[in-house]
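In what follows, a single structure is set out as structure tokens and then discussed.
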Amino acid sequence: MARLIGGVGARLVGRVGATRFVLRPPTVVAVLAALAPVVLATTIAPAAAHHVGTYTPQDNAVSAGFKQVKFALEAGRADVALALFERGALRREMQAQAAALPPALEARTLAALRAGDAREVEGHLAVFFSALARDLALEAARQLGRPGVRPPDAAATGSKFLEAIWRYYNLIDFAVSTRDSKRSAAMRLALDDAETYARTAAAPDRLRASLGQIAQILTDVIEASTPSRRNP
Amino acid sequence: MTAGDAWRLPPRGVLLVAVVLIVLAEVGGASMARFKLPLARWARDAMLARPAVHGLVGVRDVDERILDEALVKFDAGLRLFHLHAEGMGLVILATTSVAATLAGAGGGRLLIALLTVGGAGYPLGYLLWSVLIPYRGIEGGKTIAEWVVWMPFGGAAIVALWWLAGLVALRMAGRWRA
């Protein structure tokens with residue numbers, strides 16, 4: 001028994017029956033044997049080259065508000081969707097952007113929510129996010145068109161704008177494609193083109209042209225959804 | 001227990017360095033929690049004051065995403081400093097004890113110095129990276145931290161750990177042969 005315990009670094013001491021265990025320091029070789037895998041693992045790990053974590057973009061208040069309203073409508077809880085819209089950042093942003101939106105978009109969205117018309121709400125929100133994405137595309141084209149912008153800077157700036165445009169358009173792509181599949185396909189192709197030009201940095205003019213095309217497609221989506229265009 | 005089995009303690013200076021590193025890690029961790037908001041505000045203000053460094057374009061929907069990523073990395077740098085300083089403090093204690101026991105007089109001093117300086121310096125790279133993010137951007141700050149701290153100090157620690165691993169292997173092989 002004593003030999004068995006001693007083998008793992010402890011020994012039985014004192015009189016028989018006085019079961020007292022005294023831990024003694026482990027032998028150097030025993031510790032080294034245990035430490036060797038740790039030393040090896042520690043030295044191999046830095047081969048991963050300073051992994052400093054990954055970043056996952058989060059929703060902003062507006063896109064989070066959109067998702068909350070959408071999921072509440074999908075769950076058949078129009079009352080919850082209405083409450084979320086009335087108190088949320090989505091409505092505040094609609095009010096703030098009213099000048100750039102089709103007339104009374106916020107009022108029509110509110111009316112559709114009160115009526116529990118999910119499809120109508122989805123359409124109005126698609127117009128809203130199309131307008132946000134269109135304004136981003138126009139601003140990107142304007143910034144890229146400024147004199148003295150170097151091609152690498154233009155590509156970097158364009159890429160950031162495209163990311164923001166996609167974040168908004170991605171929310172409404174399904175709604176747009178179910179209403180107008182051609183414009184949805186055209187939008188995806190234009191985004192794809194623009195991303196290609198932003199990656200190469202070789203053709204800032206083409207990148208700018210693609211951004212203009214994106215803005216035009218989104219303008220068409222907005223105009224096609226306004227009551228005057230739908231019911232001439 | 002034979003004389004060959006006796007453990008030798010590393011020099012007091014090494015123990016002090018390891019303990020100070022662990023204390024810094026704890027103070028850093030506590031400060032991160034206590035001053036989370038002021039730190040984030042300071043970093044955000046410093047980034048907004050340098051739009052060109054961070055590629056800010058003056059549009060909220062674009063800039064917020066850039067600032068958010070930089071703030072997340074700023075926080076990650078502080079967390080990694082806390083984590084690595086705690087861990088490397090213990091690594092210094094363990095490895096220098098082994099080195100003091102195994103290596104001879106001349107080689108032992110150099111090995112212990114490499115383990116101590118490399119192990120204590122390496123975590124400071126994360127702190128440096130965090131501090132540099134608002135001024136030089138995520139990648140710019142990382143490049144500086146890599147060249148100034150991570151590569152020299154981390155390299156020293158890696159060399160020393162391999163050296164120690166070799167010594168351990170030699171000692172074990174000798175024991176088995178005997």
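Quick caveat: nothing in here was measured; it's all calculated off a predicted structure.
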*For chain B, the option from A:L136, A:D135, A:N60, A:T56 that forms the most heavy-atom pairs under 4.5 Å*: A:L136
*Applying side chain to side chain donor-acceptor pair (under 3.5 Å) between A:E106 and each of A:R91, A:R92, A:Q97, report the one that passes.*
A:R91
_Structural part of B:E64 lying under 4.5 Å from a heavy atom of chain A_ = neither
_Student check: side-chain heavy atoms of A:L138 and A:R142 closer than 4.5 Å_ = no
*Between B:W129 and B:F81, does the ring centroid distance fall short of 6.0 Å?*
no
*Any chance the side chains of A:Y197 and A:D205 put a donor and an acceptor closer than 3.5 Å?*
no
_Contacting region of B:I66 [heavy-atom separation from chain A under 4.5 Å]_ = side chain
*Under 30°, 30 to 60°, or over 60°: which ring-plane class applies to B:Y122 and B:Y126, parallel, tilted or perpendicular?*
perpendicular
*Taking B:D63, B:D61, B:I138 one by one, which has the highest count of heavy-atom pairs under 4.5 Å against chain A?*
B:D61
_Proximity breakdown for B:V72 and chain A, heavy-atom pairs closer than 4.5 Å_ = side chain
